[in-house]
Amino acid sequence: MHKNHPFHLVDVSPWPILGSFTALMLMTGIIKWFHLFDPNLMLLSFICMFKIMFQWWRDVSREGTYQGLHTFNVTVGLHWEMILFITSEVLFFISFFWGFFHNSLAPAIDIGAMWPPKGIKTFNPIQIPLLNTLILLTSGLTVTWAHHSLMENNYNQAFQGLAFTVILGIYFSLLQGYEYYESSFTIADAAYGSSFFMATGFHGLHVIIGTTFLLVCLVRHYMNHFSQIHHFGFEAAAWYWHFVDVVWLFLYISIYWWGS
């Protein structure tokens, strides 16, 4: 059917409704894991979720790369969608900082009227946290290097910059996992434990999501999906990664350095 507008109206897709039901199943599986110590439903949900994500992203890549449905007007809309999404993520993290500073600047008598609460041994900010800060700052440089290389039509350097960024993202996640493993306190240890693990844990989740985002872009770049003037998928991943970098700087300064 002929259309008299430059916008892309997506075809009927099973992935949104299947993704919603899988997210519900995943949450149910996590609750079952917490209460019954049975991870089977959670693991099955993860497998289903990754399968749906793969096929959904495959369809979007096909629409934008091979079918030419991502016109200039569609791309402008995608830019604004990503900006609003990152804005919502900023507000999400503001809530964690708000809770942290509320508890730290006026500690309640329930936690001994002191911050950190007595018995909490905080992390040394110049050890793993500082190393992770350097890793994320370096990854911000490498993703910018990849972006500029792509705009200059330099395939090899764009690939190298993206590969380095993905490796640094994985390295960050491994170090944070080790830090959690070595922690002397848990999420159940007063307001400090809750604030610390909620803020850094959700940031760690965003790092994993951003690393996956960039890994998909790396595969797409290898398959020549991006051009000098048509690479919004990568540009959105770069924006998201810079957002993750900035949030970590605030986390490091407020929770690791000032809060300890």
Side-chain angles (χ1 to χ4, degrees), residues 30 33-34 39 46 86 89-90 92-105 107 111-112 114-146 160-215 217-218 237-260:
I30 292 173
W33 177 44
F34 282 178
F46 265 121
I86 292 176
E89 293 284 279
V90 169
F92 175 76
F93 276 100
I94 283 176
S95 65
F96 293 128
F97 285 111
W98 188 292
F100 179 82
F101 283 112
H102 173 81
N103 288 311
S104 60
L105 294 174
I111 58 174
M114 60 183 295
W115 193 264
K118 189 175 182 180
I120 296 287
K121 184 181 178 183
T122 59
F123 291 100
N124 188 336
I126 62 171
Q127 291 181 345
I128 289 180
L130 180 59
L131 177 58
N132 268 344
T133 302
L134 295 175
I135 288 170
L136 274 191
L137 290 176
T138 305
S139 70
L141 293 175
T142 55
V143 78
T144 304
W145 167 35
Q160 292 168 15
L162 258 176
F164 278 127
T165 309
V166 170
I167 291 169
L168 289 169
I170 295 171
Y171 188 30
F172 177 94
S173 297
L174 291 174
L175 282 175
Q176 190 169 34
Y178 176 75
E179 181 182 65
Y180 281 5
Y181 180 76
E182 293 290 314
S183 175
S184 62
F185 60 93
T186 70
I187 195 171
D189 283 322
Y192 185 89
S194 300
S195 298
F196 177 87
F197 281 104
M198 286 295 288
T200 61
F202 267 108
H203 177 268
L205 178 63
H206 282 70
V207 170
I208 293 172
I209 293 170
T211 305
T212 307
F213 203 169
L214 290 167
L215 182 60
C217 289
L218 182 64
W239 289 359
Y240 188 83
W241 196 252
H242 288 309
F243 154 73
V244 168
D245 284 354
V246 172
V247 169
W248 175 258
L249 288 176
F250 281 100
L251 281 173
Y252 176 74
I253 293 170
S254 60
I255 293 180
Y256 283 101
W257 181 63
W258 181 83
S260 64

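From a predicted model like this one, the values you see are computed outputs, not experimental measurements.
Looking only at distances, no side-chain donor or acceptor of Ser183 sits under 3.5 Å from a matching main-chain atom of Glu179. Gln176 places a side-chain N or O within donor-acceptor distance of the main-chain N or O of Thr200, the cut-off being under 3.5 Å. Between the side chain of Ser194 and the main chain of Ala191, no donor-acceptor pair closer than 3.5 Å is present.
The two residues Asp189 and Thr186 come nearest to each other via the heavy atoms OD2-N, 2.8 Å. Between Gly140 and His242, the shortest heavy-atom contact is O-CE1, 3.5 Å. Shortest non-hydrogen contact noted between Tyr180 and Gly201 is OH-N, 3.0 Å. The two residues Phe97 and Val247 come nearest to each other via the heavy atoms CZ-O, 4.2 Å. Contact between Cys217 and Ala237 at its shortest, heavy atoms only, is SG-CB, 3.8 Å. Pairing each heavy atom of Pro116 with each of Thr122, the nearest pair is CG-CG2, 3.5 Å.
Interatomic distance, CZ of Phe164 versus OG1 of Thr142, reported as 8.5 Å (0.5 Å rounding). Note that OG1 of Thr165 is 9.0 Å distant from CG of Leu218, once rounded to the nearest 0.5 Å. Annotation: the span from Met114 atom CE to Tyr192 atom OH amounts to 12.0 Å, rounded to 0.5 Å. Expressed to the nearest 0.5 Å, how far CG of Leu131 lies from CG of Leu175 amounts to 5.5 Å. For the atom pair Asp245 CG and Tyr240 OH, the distance stands at 12.0 Å (nearest 0.5 Å). Between atom CH2 of residue Trp241 and atom CG of residue Leu136 there is a gap of 6.0 Å, rounded to the nearest 0.5 Å.
The aromatic rings of Phe196 and Phe123 lie parallel to each other, with less than 30° between the two planes, well short of the 60° mark. Using a 30° and 60° split on the angle between ring planes, Phe93 and Phe96 fall in the perpendicular class, above 60°.
Applying the 6.0 Å contact sphere to OH of Tyr178 captures no more than 12 heavy atoms from other residues, nucleotides or ligands.
Contact of the Ser104 side chain with the Trp258 side chain is registered, since non-hydrogen atoms from C-beta on lie closer than 4.5 Å. Between Ile126 and Trp257, the closest side-chain pair of non-hydrogen atoms is not below 4.5 Å.
Between Phe213 and Trp239, the distance from one ring center to the other does not fall under 6.0 angstrom. Aromatic ring centres of Trp115 and Phe100: separated by under 6.0 Å. Centroid-to-centroid, the aromatic rings of His203 and Phe172 come within less than 6.0 Å.
Residues passing the side-chain contact (heavy atoms from CB on, under 4.5 Å) test with Tyr252, sequence neighbours excluded: Pro125, Pro129, Leu130, Thr133, Trp248, Tyr256. For Ile167, there are no side-chain contact (heavy atoms from CB on, under 4.5 Å) partners at least two apart in sequence or on another chain.
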